[in-house]
Every structure is written in C-alpha cells, then in structure tokens.
Visitor: 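Here it is: the structure, laid out below.
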Amino acid sequence: MTDSPQTASYEATEVEDAELARYRKPGKFWTFVVFIMTCIALALAVNEIFRLKFFQAVTGNVLVTQQYMYLVLGAMLSMIFILMPAHKKAPREWVPFYDIILFFTALGLTLYFTYFGRLVAEEAWEYDFNAPRHAGYVALVFWAMILEAGRRGGGWPVFFVCLIFSLFPTYAGMVPQAISGVQSTLFETASYHIYSEESVLGIPMQAFALLVFGFLLFGNALVYTGGGQFFINLAFALLGHVRGGPAKVAIFSSGLFGSMSGGPITNVLTTGALTIPAMKRIGIRAKTAGAIEACASTGGTMMPPIMGATAFVMADFLQVSYVDVALAAVVPSMLYYLGLFMQIDAYAAQHDLKGLDKSELPTLWSVIKDGWYYIFAFALLVFLLVVWWREAQAPFYATVVLLVVNQFNKNHRLNWESFKTYLYSTGGLLAELGGLLAAVGLVVGALQATGMTGSITNILVNLAGDAPIVLLLMGAVTSFIPHFPYEI
C-alpha cells in the first residue's frame with residue numbers, strides 16, 4: 001500500500017481480515033455450519049418481515065411472532081458459541097468440546113421453545129404457576145446461556161451488570177424502600193425472563209429481529225462490495241486538496257459510510273485504512289490521527305438513515321416510527337460533524353497542515369462513474385424509508401439491488417468464496433449483537449417484573465426538580481461516563 005490515496009485503495013480482503021479477526025476461524029465444517037445458520041436466520045427474517053407465510057403453506061400452521069423470536073434468538077446464541085472464544089487463551093482455530101455442547105444445547109432449547117411457543121403465549125408461562133415444572137428448569141438454563149452470550153459479545157462489565165440486574169426480582173424486597181419492588185422466587189424470575197414479551201423477548205430483541213436485522217445485512221454488504229473505498233475516494237476528490245485535507249476526508253468519509261453502516265468498528269476498519277496513513281503523511285501525529293478517525297467513525301451511530309441499534313430500540317420503546325427517530329437525529333448529527341470539521345480546520349491552520357496535491361487525488365467524475373450504484377442504493381433506501389414507510393423491508397431491497405448491480409463492476413465483483421465470507425461475517429455481527437441485546441433484555445425485564453420502571457422514572461424526575469432540561473443534561477452527563485470494554 002502506497003501513500004497516494006489514488007493508488008492506495010485498500011483491498012476488500014484487508015477489511016475482511018480485520019473484521020473476521022474478532023471471530024474464531026473454526027475450520028471448514030463449523031464455518032459451513034455458521035454459513036447455514038446465517039442463511040436459516042436470514043430466511044426466517046425474510047419470511048417474517050415480508051409476511052410470506054412459508055410455514056403456513058408447508059405445514060398448515062402459522063409461525064407466530066413469539067416462535068419466530070425464539071428461532072432467531074436460538075440461531076444467534078448457537079452461533080456466538082462457535083464464533084466467539086470463551087476467553088483470551090481459548091482456541092481460535094478449532095471449536096473446543098464445551099462450546100460444541102453449548103451450541104447443541106442452544107439448538108435443543110430453541111426447538112423446545114418453538115414447539116411450546118403457542119402454549120407459552122396461550123397459557124401465560126411467564127407466570128411460573130401456569131407453566132409445567134420442566135419449563136422452570138429450562139428457563140434457568142437458557143437464562144445462564146444468555147448471560148454467557150452477553151459476556152462473550154460485550155465482556156465482563158456487561159455480564160456483571162446483566163447478572164446483578166436480572167437477579168433483582170429475587171431480592172427486590174430486601175433493598176431500601178426507595179428502590180424496592182415486588183419480590184419473586186428464582187423460578188418465577190426465570191420464567192418471566194424467558195417466557196414473557198417484556199424481558200429477553202422484549203423491546204431490544206424485537207427491534208433486532210424485526211428491524212435491525214436487515215440494516216446489518218445492508219451495512220455489511222457495503223463493506224464487502226467496496227462501498228467504503230467509494231466513500232473514501234469521493235471524500236478525497238472533494239476535500240483531499242484543502243487545508244488539512246486527509247483529516248477532513250476522515251470526517252466526511254466516516255460520516256457518509258457511517259450513515260449507511262451504523263457501526264463504528266466497521267467504520268474505523270474501513271475508512272481508517274486510508275485516512276490514518278494519509279493524515280500521518282501531512283504531519284499529523286499518529287495518536288491524533290487515530291483520535292480523529294475514532295471520533296468521526298463514532299458519529300456514524302447517530303447519522304441517519306442507518307444508525308446504531310439504540311435508535312431502533314428507541315423507536316420501539318417510544319412507539320414511534322423509526323423515520324421519526326432518524327429525522328430527529330439529522331440536526332444533532334450534522335452539528336456533531338460540523339463541530340469536528342471546524343476543530344480540524346483550526347488545528348490544520350494552527351499547525352500549517354497542507355492538503356494533498358491534486359495530481360495524487362482521484363477526479364470526482366471517475367469516482368462517481370465507478371461507484372454510482374452506491375449512491376443509487378442509498379437513495380433507494382431513503383426513498384423506501386421516508387416515502388413508502390417500509391422501515392423493515394427497505395434494507396433488504398437495497399441490499400439486493402446493491403449486490404446485483406455490484407456484480408457488473410469487475411473491480412468489486414463477489415465470487416462464491418467472497419460471498420460466503422460476507423455471509424459468515426454477517427452471521428458474526430448478528431450473533432454478537434443478538435447476544436448483547438438478549439442480555440440487555442434481562443435488565444429491562446427485571447425492572448418490569450418488579451414494577452421499578454415507573455419508580456425509576458419518578459426518581460429521576462424528582463432529582464431533576466421536574467425540569468425536563470435538567471433531566472436531559474443529567475442524561476448527557478451520564479453518557480460521558482467512560483466505558484472500559486473487555487477484550488477477548
């Protein structure tokens with residue numbers, strides 16, 4: 001890789017390797033298993049979101065939403081035990097026996113929940129006294145597996161927070177009155193967590209299974225079809241020659257790519273491969289270049305139309321359209337990038353950082369000519385979201401269009417092997433996020449089970465003195481509390 005942005009266009013394989021480095025390389029057999037599981041999960045999502053009624057046509061029985069949720073959750077949990085090692089020293093080239101046991105246990109429990117799905121809904125198994133005794137033991141095992149999946153996806157902090165809060169109903173009556181709630185037994189708590197639509201199958205998992213799924217598929221398709229390279233080249237063509245050009249390119253390209261991927265990690269891996277070396281070339285220190293790229297990529301989680309999973313959860317929790325949440329995020333996200341742009345411009349002026357020579361940069365026409373279909377896919381996605389209000393279906397249409405048109409571009413055309421790698425990577429992203437959201441659902445469910453949801457709201461409002469602006473500032477300050485992730 002050279003220093004010239006025009007000749008240093010990263011290869012997709014570099015991003016693929018960086019993406020897949022977070023996951024285990026379990027060998028051909030288990031890679032094929034993950035590939036099949038991802039295809040099954042994708043087929044289930046398409047059947048549910050597009051209401052194809054495949055199961056009704058084949059078996060004569062309708063697959064209810066609760067059964068669909070169990071199937072998707074089971075697929076995600078089973079994959080996470082194959083893809084993500086249990087600890088730092090765990091093998092990465094093959095799957096140990098305990099992960100194989102967890103894999104088959106997750107599949108077995110999934111079949112159990114799917115088989116009894118209708119009874120769970122009709123007989124209200126979330127109330128332990130309505131469920132058969134074996135349901136309580138199964139719920140305990142599944143509860144423990146979700147906590148482990150959350151640990152692998154988010155680290156020890158996620159595990160301990162979800163463990164303590166998910167157990168809260170068992171000791172809710174023994175804490176100070178201000179934060180006390182309705183107390184339940186261990187089996188009652190387990191049944192509520194696993195069988196109700198307020199905990200594991202609550203808002204986070206519903207948003208994932210019914211909304212986020214397609215957007216993750218589309219965002220990952222951008223990476224594997226060279227979308228990142230297009231946005232970087234577009235940014236270089238527009239801003240590469242101005243004062244502090246590469247740094248401004250990092251902001252512009254990360255904002256564009258983030259608006260379509262919603263993932264800060266993928267954003268850094270994709271755009272940072274070119275912007276960081278280019279920033280270092282004009283005199284920006286390595287640490288500063290990394291910080292600029294990190295800040296620019298993080299902003300992608302709030303840049304419409306595709307934002308982080310939190311936006312989908314917000315829409316579901318507030319019972320509003322996802323488009324409403326996306327529109328509300330337009331001004332804050334633009335102000336965020338405007339602030340970054342102004343800081344970088346001042347920094348470049350202070351340190352006399354020049355832009356790159358125009359002879360080294362791609363022309364705007366050549367960039368658009370090579371990657372016009374990325375803009376078309378983006379426009380199609382926005383049109384389906386805003387005009388037709390196809391929130392759940394829009395990313396699937398956009399993904400199909402992107403993958404089909406991309407095959408006519410000889411530079412980024414996918415072969416069978418790269419397509420399988422794309423699905424494998426997508427399975428990893430889905431499994432990781434699915435495990436995290438299931439674990440977070442335990443926290444939401446615990447607060448619902450004890451009646452603390454309303455109490456916490458009242459406590460926060462009282463602390464803010466009934467002033468919404470103060471409550472907003474409290475939330476803003478809380479967001480600055482540092483997070484120390486556990487690295488596997």
Side-chain angles (χ1 to χ4, degrees), residues 22-24 69-88 90 95-110 112-113 125-126 128 135-172 184-209 309 313 428 430-450 452 483-488:
R22 295 186 294 148
Y23 307 124
R24 179 186 278 138
M69 299 279 287
Y70 280 129
L71 284 169
V72 170
L73 177 57
M76 297 304 104
L77 291 185
S78 60
M79 284 197 294
I80 204 171
F81 295 128
I82 299 299
L83 290 169
M84 305 199 75
H87 51 83
K88 291 181 179 179
V95 183
F97 73 94
Y98 52 83
D99 280 339
I100 295 176
I101 293 174
L102 289 172
F103 171 82
F104 283 108
T105 303
L107 287 183
L109 294 180
T110 300
Y112 173 91
F113 294 132
W125 281 19
E126 63 264 33
D128 184 57
Y137 292 108
V138 169
L140 280 175
V141 174
F142 203 55
W143 181 2
M145 294 185 70
I146 290 171
L147 288 172
E148 171 60 11
R151 185 191 69 81
R152 296 196 187 194
W156 285 107
V158 171
F159 174 81
F160 284 117
V161 168
C162 292
L163 174 65
I164 293 170
F165 276 94
S166 64
L167 284 171
F168 180 64
T170 64
Y171 58 85
S184 307
T185 66
L186 183 63
F187 280 104
E188 289 172 344
T189 303
S191 295
Y192 188 84
H193 278 316
I194 305 304
Y195 300 118
S196 76
E197 295 185 357
E198 304 293 338
S199 188
V200 170
L201 300 186
I203 289 175
M205 185 53 60
Q206 290 171 19
F208 171 80
V313 175
L430 291 170
E432 187 175 357
L433 184 58
L436 277 171
L437 291 179
V440 170
L442 292 171
V443 178
V444 177
L447 297 178
Q448 290 282 4
T450 56
M452 277 297 295
H483 172 61
F484 301 97
Y486 167 75
E487 297 292 341
I488 293 179

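Side chains included, hydrogens not; waters and symmetry mates left out as well; all remaining heavy atoms used. All residue numbers in this chain count up from 1 along the given sequence.
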Visitor: Of all the heavy-atom pairs spanning Y70 and I194, show the shortest one and how long it is.
Guide: OH-O, 2.8 Å
Visitor: So, taking the atom named CG in L83 and the one named OH in Y23, what distance separates them when rounded to the nearest 0.5 Å?
Guide: 7.5 Å
Visitor: Would you name the heavy atoms of M145 and L109 that are closest together and state the gap between them?
Guide: SD-CD1, 3.8 Å
Visitor: Should E197 and Q206 count as side-chain neighbours, where that means a heavy-atom distance under 4.5 Å?
Guide: yes
Visitor: Could you work out, with ring pair (Phe, Tyr, Trp, His ring centres under 6.0 Å) as the rule, every residue matching F208, not counting sequence neighbours?
Guide: none
Visitor: State the CD1-OG distance between I100 and S78, to the nearest 0.5 angstrom.
Guide: 13.0 Å
Visitor: Please report the C-alpha distance between L71 and F113 in whole Å, then the side-chain angles of each, then the deciding distance to 0.1 Å, and finally whether the side chain to side chain contact (heavy atoms under 4.5 Å, CB included) criterion is met.
Guide: CA-CA 8 Å; L71 284 169; F113 294 132; over 6 Å; no
Visitor: Show the nearest heavy-atom pair for residues Y171 and I164, with the distance to one decimal.
Guide: OH-O, 2.9 Å
Visitor: Side-chain contact test, heavy atoms from C-beta onward, threshold under 4.5 Å: evaluate it for V141 versus Y137 and give yes or no.
Guide: no
Visitor: If you take all heavy atoms of A149 and G435, which pair is closest and at what distance?
Guide: CB-CA, 4.3 Å
Visitor: Residues in ring pair (Phe, Tyr, Trp, His ring centres under 6.0 Å) with F165, at least two apart?
Guide: none
Visitor: Measure across L147 and F159 and return the closest heavy-atom pair with its distance rounded to 0.1 Å.
Guide: O-CD1, 3.5 Å
Visitor: Side chains of residues 436-444: which donor-acceptor partners sit under 3.5 Å, not counting sequence neighbours?
Guide:
none

Visitor: If you round to the nearest 0.5 Å, how far is NE2 of H193 from CG of L201?
Guide: 12.0 Å
Visitor: Does anything in residues 431-447 pair up under salt bridge (Lys or Arg N to Asp or Glu O under 4.0 Å), and if so which pairs, sequence neighbours excluded?
Guide: R22-E432
Visitor: Which atoms form the tightest heavy-atom contact between T170 and L186, and what is the distance?
Guide: CG2-CA, 4.0 Å
Visitor: What's the spacing between M76 CE and T110 OG1 if we round to 0.5 Å?
Guide: 10.0 Å
Visitor: Once side-chain contact (heavy atoms from CB on, under 4.5 Å) is applied, do any residues pair with A135, and if so which ones, sequence neighbours excluded?
Guide: Y112, W125, A131, P132, Y195
Visitor: Under the side-chain hydrogen bond (donor to acceptor under 3.5 Å, both in side chains) test, which residues partner S191, sequence neighbours left out?
Guide: D128
Visitor: Check side-chain contact (heavy atoms from CB on, under 4.5 Å) between S196 and all other residues, then give those that pass, not counting sequence neighbours.
Guide: E126, Y192, E198, S199
Visitor: Could you name each residue pair satisfying side chain to side chain donor-acceptor pair (under 3.5 Å) that touches residues 159-169, not counting sequence neighbours?
Guide: W143-S166
Visitor: Does any non-hydrogen side-chain atom of L73 lie less than 4.5 Å from one of F142?
Guide: yes
Visitor: Between CG of L107 and CG of L77, what distance do you get to the nearest 0.5 Å?
Guide: 10.0 Å
Visitor: List the residues meeting ring pair (Phe, Tyr, Trp, His ring centres under 6.0 Å) with Y98, not counting sequence neighbours, and say none if there are none.
Guide: none
Visitor: Using a 3.5 Å distance criterion without hydrogens, assess whether the side chain of R24 forms a donor-acceptor pair with backbone atoms of A90.
Guide: no
Visitor: Using side-chain hydrogen bond (donor to acceptor under 3.5 Å, both in side chains) as the criterion, list what pairs up with E148, not counting sequence neighbours.
Guide: R151, R152
